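To keep things clear, I will list the structure first and then write my remarks on it.
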Amino acid sequence: MEVRSESIQVHCDKLPAPVIPRTRLQLWFIRVCSSIVLWTCLVQLVAVGELWHPHLLAGITNRISRVAQLRVEEVQSLPPLLPARKYKSNGILRVSCNGGLNQMRAAICDMVTVARLLNLTLVVPELDKTSFWADPSNFEDIFDVRHFINSLRDEVRIIKRLPKRFNRKHGLIPLEMPPVSWSNEKYYVQQILPLFGKYKVLHFNKTDARLANNGIPPYLQKLRCRVNFQALRFTPQIETLGYKLVRMLQEKGPFLALHLRYEMDMLAFSGCTHGCTEEEAAELKRMRYAYPWWREKEIVSEERRSQGLCPLTPEEMVLVLQALGFNKETQIYIAAGEIYGSEQRLVALRAAFPQIVKKETLLAPEELRQFQNHSSQMAALDFMVSVASSTFIPTYDGNMAKVVEGHRRYLGFKKTILLDRKRLVGLLDMHQNGTLSWNEFVNAVRSAHEKRMGQPTPRKVSVDRPKEEDYFYANPQECLCEGITDCDDLLGPGKSIILR
């Protein structure tokens, strides 16, 4: 028994001492002490260096000073936070935006406005990852999320993520639904707001064109503009590279941003195959059938083209640009993704305008590497250049064309040539078949676009046909009259043009 007890005693002596968990206060104390010791050592090192070798650590101390100064300047340059708007939240709104970058951009503006109208808490919007572009980017990969939240805090409470207590794991199932398109504030107040009495969280799973263009109170229209023009700032990485592109172009003089929408997805979606081979037309048709949410399948290309519903081809743009007065010296930035048919389709355009550039030719591959396979981030670069360009010409009136147009109007009605494609295809065909001389073609093209240069103009209203009226984000006229006594002085006689 004695031997056994001794062995047990020896064994116990070898056991490690029990670990006593450190409290948060102890950890905090250790960290503070460590920081003090490290800074004391650094100060002593600098002092000794100055005493024995004054120049030895000069570079180190200068760097430390510069970093500290930059940090102070950064903090000082931050605008003061606006006081947060105090209100009782009626519920939480989640939104999943669908479409490309600019369609989602407009949707975000709409959803912030809906949250403000209904006194809701908005979760930072989710971006589309399942569309044709399959971009995995999140909101914070494209937009400065902190600026977005802080710059709107006096209007809407925005949170980064849904609180855990509202997750499905806790038994709460949110109502998922797409709101009715082109709705005014009465729809949201009368039909959506009561739903929050039963469901604490609503999830709008589609957000494109969910707020009307017209008939919205001015304060809501102006909030849409504030979100679009001020709160939706791109990330520092995107803005740094975007400004570099703009600077490189401006150093060589004025430049034209050509939004050449001759891309595979647009041609397949629209059914436009003018200038394509039979094999290319078949490929585009197969792609159209591959996407079930593209409703139209059988499309007659020439009928669509004669109606002005097709993007102009690169070859057609050569003649149009020349007719509008652009020459070989014109610096042209192609704001687009991959052109269908690749460089072969740009041969005629490059021959007529040798100073054609793209982001891929202006920037080094390593500069763009972080954005590759992220179409929305690449589109953000094109967006910045298009807004800053001397002249902007879209070959199709898609979402980017419209949002850039509105942004340029907001910046002082910068020159934006809005092509009358229905008129142009007729003129192009007549010129190419010899029934219209070059001089006649030039005069006709210029005459057709005299009033399509982005000048101030009222937004058109189509009674009971909201799809046919002018898009709010292309011409946000309620936001263009700041400081002007009478908006009619800017827009001309009549508050709006009514289409019957």
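These figures come from a predicted structure and were not determined experimentally.
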| Strictly under 6.0 Å, is that where the ring centroids of F143 and F234 end up? | yes
| message | If you count heavy atoms of other groups shown closer than 6.0 angstrom to CD of E338, is the number above 12? | response | no
| Is the count of non-hydrogen atoms from other residues, nucleotides or ligands lying under 6.0 Å from Y187 atom OH greater than 12? | yes
| query | Checking salt bridge (Lys or Arg N to Asp or Glu O under 4.0 Å) for the pair D208/K206: CA distance, chi angles, key distance, verdict? | reply | CA-CA 6 Å; D208 58 312; K206 286 189 177 181; over 6 Å; no
| query | Are R226 and D154 ion-paired here, with the side-chain N under 4.0 Å from a carboxylate O? | reply | yes
| query | Any ion pair linking E405 and R409 (charged N to carboxylate O, less than 4.0 Å)? | reply | yes
| query | Are the side chains of I393 and L321 in touch, meaning some heavy atoms are under 4.5 Å apart? | reply | yes
| Side chains of N138 and K129: do they bring a donor and an acceptor to under 3.5 Å? | yes
| Counting distance only, does the side-chain N/O of T273 pair as donor-acceptor with the main-chain N or O of C276 below 3.5 Å? | no
| query | What do the steps show when you test E155 against R116 for salt bridge (Lys or Arg N to Asp or Glu O under 4.0 Å), and what is the final call? | reply | CA-CA 6 Å; E155 294 280 5; R116 171 63 175 84; 2.7 Å; yes
| note | Closest heavy-atom pair, F139 versus P125, reported as atoms and distance to 0.1 Å, is CB-O, 3.6 Å
| message | How close do R304 and C310 get, counting heavy atoms only, and between which atoms? | response | CG-SG, 3.7 Å
| message | Could you check whether Y471 and N399, counting side-chain N and O atoms only, form a donor-acceptor pair closer than 3.5 Å? | response | no
| task | Kindly write out the residues that satisfy disulfide (SG to SG under 2.5 Å) with C109, not counting sequence neighbours, or none if the list is empty. | result | none
| Check ion pair D429-R305 (N to O, under 4.0 angstrom) | yes
| request: Check step by step if side-chain contact (heavy atoms from CB on, under 4.5 Å) holds for M384 and L245. | output: CA-CA 9 Å; M384 290 186 64; L245 281 169; over 6 Å; no
| Derivation and outcome, side chain to side chain donor-acceptor pair (under 3.5 Å), residues D382 and Y333 | CA-CA 9 Å; D382 285 340; Y333 176 88; 2.6 Å; yes
| message | Are there over 12 heavy-atom neighbours, none belonging to D464, within less than 6.0 Å of that residue's CG? | response | no
| Test item: E469 side-chain N/O and V463 main-chain N/O as donor-acceptor pair under 3.5 Å | no
| said: Side chains of L424 and L419, heavy atoms from C-beta outward: is any pair under 4.5 Å? | reply: yes
| request: For residues F441 and L428, determine if any side-chain heavy atom of one lies less than 4.5 Å from a side-chain heavy atom of the other. | output: yes
| request: Verify, without hydrogens or angle tests, whether R452 (side chain) and L418 (backbone) share a donor-acceptor contact under 3.5 angstrom. | output: yes
| note | Heavy atoms of A352 and Q322 approach each other most closely as CB-NE2, 3.7 Å
| Would you say Y243 has more than 12 foreign heavy atoms packed within less than 6.0 Å of its OH? | no
| Is the backbone N or O of V357 less than 3.5 Å from a side-chain atom of T361, with the two atoms forming a donor-acceptor pair by type? | no
| When you check the side-chain N and O atoms of H274 and S301, is any donor under 3.5 Å from an acceptor? | no
| E176 backbone acceptor or donor facing N205 side chain under 3.5 Å | no
| Atom CG in L241, atom CG in L368: separation rounded to 0.5 Å? | 6.0 Å
| field | E440 and S437: side chain donor to acceptor below 3.5 Å | value | yes
| query | Does P314 reach the side chain of L260, with side-chain heavy atoms less than 4.5 Å apart? | reply | yes
| query | In terms of side-chain geometry, is the basic nitrogen of E343 or K358 positioned less than 4.0 Å from the acidic oxygen of its partner? | reply | yes
| task | Step by step, work out the side chain to side chain donor-acceptor pair (under 3.5 Å) result for T395 and R261. | result | CA-CA 6 Å; T395 63; R261 197 66 172 94; over 6 Å; no
| field | Whether over 12 other heavy atoms sit under 6.0 Å from K422 NZ | value | no
| Taking C-beta and beyond as the side chain, do P136 and H374 meet within less than 4.5 Å on heavy atoms? | yes
| Is a side-chain N or O of T435 found less than 3.5 angstrom from the main chain of M430, in a donor-acceptor match? | yes
| query | Is it the case that more than 12 heavy atoms not belonging to Q344 sit under 6.0 Å from its CD atom? | reply | no
| note | CD1 (I142) and OG (S376) are apart, to the nearest 0.5 Å, by 4.5 Å
| query | Taking atom CZ of R146 as the centre, does the number of heavy atoms from other residues, nucleotides or ligands within less than 6.0 Å exceed 12? | reply | no
| request: Measure the CZ-CG distance between R288 and D265 for me, rounded to the nearest 0.5 Å. | output: 12.5 Å
| Considering all heavy atoms of both residues, which atom of P179 and which atom of Y188 are nearest to each other, and what is their separation? | CB-OH, 3.6 Å
| task | Measure from the side-chain N and O atoms of H431 to the backbone N and O of V442, and report whether any donor-acceptor pair falls under 3.5 Å. | result | no
| query | Can the ring centres of H407 and F383 be said to be less than 6.0 Å apart? | reply | yes
| field | Residues R408 and T416: side-chain donor-acceptor under 3.5 angstrom | value | yes
| message | Looking at E367 and K244, is any side-chain nitrogen of the basic one under 4.0 Å from a carboxylate oxygen of the acidic one? | response | yes
| message | Quick check: do L258 and F353 have side-chain heavy atoms less than 4.5 Å from each other? | response | no
| Exercise: identify the closest heavy-atom pair between M264 and L284 | O-CD2, 3.8 Å
| message | Strictly distance-based, threshold 3.5 Å: is any side-chain N or O of T330 a donor or acceptor partner for the main-chain N or O of N327? | response | yes
| Do the non-hydrogen side-chain atoms of Y289 and E298 ever get within less than 4.5 Å of each other? | yes
| request: Before accepting this row, confirm whether a basic side-chain N of the pair K460/E468 lies closer than 4.0 Å to the acidic partner's carboxylate O. | output: no
| query | Without hydrogens or angle criteria, can the side chains of N98 and D128 be said to hold a donor-acceptor pair below 3.5 Å? | reply | no
| query | Looking at side-chain heavy atoms only, is the closest gap between V123 and V95 below 4.5 Å? | reply | no
| Should R224 and E478 count as an ion pair when the cut-off is N to O under 4.0 Å? | no
| query | D141 and Q377: side chain to side chain donor-acceptor pair (under 3.5 Å), yes or no, with the steps? | reply | CA-CA 8 Å; D141 298 320; Q377 295 181 47; 5.1 Å; no
| Atom CD1 in I149, atom CG in D144: separation rounded to 0.5 Å? | 9.5 Å
| said: Please verify the inter-ring angle class for Y410 with F229; under 30° counts as parallel, over 60° as perpendicular, anything in between as tilted. | reply: parallel
| said: Can a donor-acceptor pair be found, under 3.5 Å and without considering hydrogens, that links the side chain of Q477 to the backbone of R459? | reply: yes
| field | Donor-acceptor pair, side chain of H203 and main chain of R94, under 3.5 angstrom | value | no
| said: Can you tell me how the ring of Y340 sits relative to the ring of Y262, calling it parallel under 30°, perpendicular over 60° and tilted otherwise? | reply: tilted
| Which atom names give the shortest non-hydrogen contact between L319 and W438, and what distance separates them? | O-CH2, 3.8 Å
